[in-house]
Protein chains: 2
Amino acid sequence: MDDLAATNRTDGGNGTAGAPAVPGPEGGPAPEGGPLPGGRAQPKTDKSEATRALILETAMRLFQERGYEKTTMRAIATEAGVSVGNAYYYFSAKEFLIQGFYDRMTYEHAADARRRMAHTRDFSERLRIALDSWLDTAAPYHEFSAQFFRTAADPTSSLSPFSNESHPARATAVELFRDVLQGSELAPKLDAELVELLPDVLWLYLMIVVLYWVFDRTPDTERTREFVRRSTPLAARMINLSRYRVFRPIVRDAKGLIQDFILPTIGKAAVK
Amino acid sequence: MDDLAATNRTDGGNGTAGAPAVPGPEGGPAPEGGPLPGGRAQPKTDKSEATRALILETAMRLFQERGYEKTTMRAIATEAGVSVGNAYYYFSAKEFLIQGFYDRMTYEHAADARRRMAHTRDFSERLRIALDSWLDTAAPYHEFSAQFFRTAADPTSSLSPFSNESHPARATAVELFRDVLQGSELAPKLDAELVELLPDVLWLYLMIVVLYWVFDRTPDTERTREFVRRSTPLAARMINLSRYRVFRPIVRDAKGLIQDFILPTIGKAAVK
DNA sequence: GTCTATAGTGGGATAGAC
DNA sequence: GTCTATCCCACTATAGAC
């Protein structure tokens, strides 16, 4: 895995303020992963895990109260009753606090969506429910989502939704969309190859919705909700069209494009 | 090239430490390329504009050499032979340096693309050229594009490509895509309403390519270039399909979606 | 209006003692 | 694992020169 040329190199000497200087697979003792309900690496000790959770909890609370930028590491440490150094022991940069949040939310979303779409087999509706569920789960965090998003957009950051470090959360989300499709009446009618590809594409669709949501300033992000209501039937119809013979060539090309350019980017195959 | 590292250290309590060896630029001929094509506020004086350009030029050079985060405002000021305060006089925050870069690049891209696509009327090829041209124009900045992108992804920032402040540059780019379409043999065959909407959609397509490019770590971003080569014919074919009667309902819905949810977001109409 | 010089402030991140 | 002390830098403030 190639590092970004000079810009990412963390030289030993100075302390560069704003530089993320994301460490690679470092040998540090900090369990960067987090206590995921989905099953992550085991914590070293109970006490360690408790401190870690305390810091994360405190940070999330303060982020909601004052926003990401306005919440200083000093404030988080003070509020959590630990030293700044200790906070950095668990989260080697401020942005790593976000990873914990991201993991947790992904899990909650998947659970909530599965519960809510269980009653229907209509693909369009299942898709809409899955997206709506995300909006509901994320709603409390909309105010600081801008900062969150900013960090996530950095390709050199492990927090990018496309990064290796985000793979577990991404896999959880893709799995949900596989269920959305498989549990619908549409799946059996579709070409098997397409059924294989679609969950990742639907996840990308969610990413677009997230993008829209982040920029949405309407009350209760009503505009994004309307966007979901309007766009899901269209998406369902376009997928449905793929069944007709006339579209075979164009669908074939689209599948090739997805397979060759989208999936590798999100870690589905090693091409390069 | 790192010989200015020493000049970077100025503090220590003594006055006039590391005084700029370079005298003010007032004597020399201004490297001024004229006021920004993007339609910016008029410069107060030539000297002012020259200083502004000098600072921007220096910053871009240092960003390329060391990356965005590693380039300090002190270094930019020192290297440009101005005071830190002066640098802040022109660019009230470090990230505003990026806006200058963005404006300039947009203009260069539009000019280059128009030149290169003049010889053909094939829509697919014109589109490919326009995107290729962007990749060529942006190539020197790929290494620090991550930081650039990170800033651009913040919806609260004026640097977001969707923001009001970015409107001039965005308009320039959309105008280019209008030319891409209008200069092609495809335009007269399409529904007029669609011709009106497509330039903005094509600009969004560019945004997707940019996203892909930012994350692309292959040499010379060959992968993104391949993505463009493969996806432009598909895009052209899909647009072409819209002419057929069968698709009228789906095209109508898609147009509605664009009109109601995409255009307002990028400042094309006041809905809300 | 343009610019220098200097002295801060505050916050992200680190080193090294314990 | 945890702390204290410190670094470095973005950014601000101010006073005054031209």
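All values below were derived from every heavy atom in this structure, side-chain atoms included, with hydrogens, water molecules and symmetry-related copies excluded. Here is the naming used below: chain letters follow the sequence lines, and residue numbers restart at 1 for every chain.
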### Task
Please name all residues satisfying salt bridge (Lys or Arg N to Asp or Glu O under 4.0 Å) with A/Glu108, sequence neighbours left out, ordered by chain then number.
none

## Note on the structure
Across all chains, not counting sequence neighbours, the salt bridge (Lys or Arg N to Asp or Glu O under 4.0 Å) partners of A/Arg170 are none

Got a sec, which residues hit side chain to side chain donor-acceptor pair (under 3.5 Å) with [X], two or more places apart in sequence or on another chain?
X: A/Tyr68; value: none
X: B/Asp132; value: B/Arg128
X: A/Ser133; value: A/Asp112
X: A/Asp220; value: none

If you restrict it to nitrogen or oxygen atoms, what contacts under 3.5 Å exist between nucleotides 11-13 of chain D and the protein, and what is each distance?
{"from": "D/dC11", "atom 1": "OP2", "to": "B/Tyr88", "atom 2": "OH", "distance (Å)": "3.3"}
{"from": "D/dC11", "atom 1": "OP2", "to": "B/Lys94", "atom 2": "N", "distance (Å)": "2.8"}

Round to the nearest Å and state the distance from [X] atom [atom1] to [N] atom [atom2].
X: B/Asp46; N: C/dG1; atom1: CG; atom2: P; value: 17 Å
X: B/Tyr89; N: C/dT6; atom1: OH; atom2: P; value: 21 Å
X: B/Leu54; N: C/dC3; atom1: CG; atom2: P; value: 10 Å

Run the side-chain donor-acceptor check on residues 55-63 of chain A: report pairs under 3.5 Å with partners two or more places apart or on a different chain.
{"from": "A/Glu57", "atom 1": "OE2", "to": "A/Arg104", "atom 2": "NH1", "distance (Å)": "2.9"}
{"from": "A/Thr58", "atom 1": "OG1", "to": "A/Leu54", "atom 2": "O", "distance (Å)": "2.6"}
{"from": "A/Arg61", "atom 1": "NE", "to": "A/Glu65", "atom 2": "OE2", "distance (Å)": "3.3"}
{"from": "A/Arg61", "atom 1": "NH2", "to": "A/Glu79", "atom 2": "OE2", "distance (Å)": "2.6"}

Any side-chain N or O of [X] under 4.0 Å from OP1/OP2 of [N]?
X: A/Ser48; N: D/dG1; value: yes
X: A/Tyr90; N: D/dT2; value: yes
X: B/Thr51; N: C/dC3; value: yes
X: A/Asn86; N: D/dG1; value: no

### Overall bend - the helix from C/dG1-D/dC18 to C/dC18-D/dG1, comparing terminal axes fitted on five pairs, nearest 10 degrees
10°

